[in-house]
Amino acid sequence: MALIETEALILRSYNLAEADKIVVCLSRSAGLIRGVAKGCRKLRNRFGAALEPFTLINLTYYEKENQELVSFRQVEILKSRFKLSSNAALLTGFAYMGDLLIDFSPPHQANDNLFRMALACFEAASETPADLDAVLRYFEVWLLRLEGFLPDLRVCANCQKTFGDEVVYLGPDLSLRCSQCSNGRGGAVSKRLLSHLRTAEKLSPAKFAEGAREVSKDTKRETAELTFHIIGRVLERMPRVRPAS
Ligand SMILES: [Zn+2]
């Protein structure tokens, strides 16, 4: 039995038996983990408010070989989001990101880039709730990229030609092709949409959201349609939670 300590972001929890909970979180050193927090629903318990969704904690847990479910031993709040709990739109956005992290992350596989990206997005949306939509787009682009599902935004998947000013097309295999190679078949992706997506690849979520305030409504809508389409195709279903945009 190994005792492990890591930073973790609480994503979701379920009641278990009378006094316990199963908690799902994204951890820095072990990726997605599911753990039992024994006695956490009793009035006085060692976990306090630390297991509320979207809290960043320092977690110590026991892991048994060949068991997926770990056992929470000790938690310490690093960042609570309790103050934001009256903002329903923000909570829906957080739940959406949490669900996608659960859907896309294989259990017990550390992914430091994903962990840092997720934290930065939760942080940016908490700091500036008005920028939530832009942060969610950023999150979608980076989640797809880090999990290997974002198409190459710069060159044609078929002829390797660098995209110029032309409209390009998203094929059924989720890759982008120039107009010649695609014969105009697939979902059209405009130049302004491509360049907006490329901006997300270069900036922090806060900077991207700041810049997105100047981006047209149409481009934002197209961006949301494209990321949502790719996510739906990868999951082979629609995400459970979808924030209104
Ligand atoms: Zn081509």
Side-chain angles (χ1 to χ4, degrees), residues 31 93 96-97 99-106 109-118 120-121 124 131-245:
Y96 175 67
M97 292 195 281
D99 271 14
L100 287 184
L101 287 169
I102 293 171
D103 287 336
F104 276 84
S105 319
Q109 271 184 37
N111 185 338
D112 196 53
N113 286 334
L114 182 70
F115 184 78
R116 284 190 289 124
M117 187 280 286
C121 286
D131 283 339
L132 175 67
D133 282 347
V135 172
L136 293 181
R137 296 297 86 77
Y138 182 96
F139 175 84
E140 292 164 340
V141 169
W142 270 96
L143 180 73
L144 290 169
R145 182 172 160 171
L146 291 172
E147 297 295 337
F149 297 110
L150 189 73
D152 192 321
L153 304 175
R154 285 167 184 79
V155 298
C156 170
N158 192 46
C159 71
Q160 312 297 323
K161 192 183 77 176
T162 305
F163 295 136
D165 284 344
E166 86 241 67
V167 172
V168 300
Y169 294 87
L170 182 75
D173 60 348
L174 299 182
S175 67
L176 288 171
R177 290 185 171 77
C178 68
S179 50
Q180 243 179 345
C181 291
S182 63
N183 259 328
R185 281 197 298 267
V189 177
S190 66
K191 191 189 177 216
R192 59 180 188 188
L193 171 51
L194 264 193
S195 82
H196 189 48
L197 292 171
R198 284 188 209 138
T199 316
E201 287 190 310
K202 280 183 280 193
L203 300 174
S204 71
K207 286 278 171 219
F208 173 76
E210 216 179 289
R213 293 174 203 159
E214 311 299 323
V215 169
S216 78
K217 266 198 173 137
D218 282 349
T219 305
K220 285 181 187 164
R221 183 181 41 77
E222 283 172 19
T223 308
E225 280 169 9
L226 182 73
T227 51
F228 204 58
H229 171 79
I230 299 177
I231 288 168
R233 283 285 314 279
V234 173
L235 295 179
E236 295 179 330
R237 61 169 170 76
M238 291 295 121
R240 279 178 291 270
V241 184
R242 173 114 213 250
S245 58

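In listed order, ligands and their atoms are each counted from 1.
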For Q180, does the CD atom have more than 12 heavy-atom neighbours from other residues, nucleotides or ligands under 6.0 Å away? no
Those residues at least two apart in sequence (or on a different chain) that pass side chain to side chain donor-acceptor pair (under 3.5 Å) with Y96 are E140
For F208, the ring-ring contact (aromatic ring centres under 6.0 Å, His included) test, sequence neighbours excluded, returns Y138, H196
For D218, the salt bridge (Lys or Arg N to Asp or Glu O under 4.0 Å) test, sequence neighbours excluded, returns R221
Minimum side-chain heavy-atom gap R177-N183 below 4.5 Å: no
Only residue of P151, S182, S175 satisfying side-chain contact (heavy atoms from CB on, under 4.5 Å) with L170 is P151
Taking 2.8 Å as the strict upper bound, the Zn ion (ligand 1) has protein N, O or S neighbours numbering 4
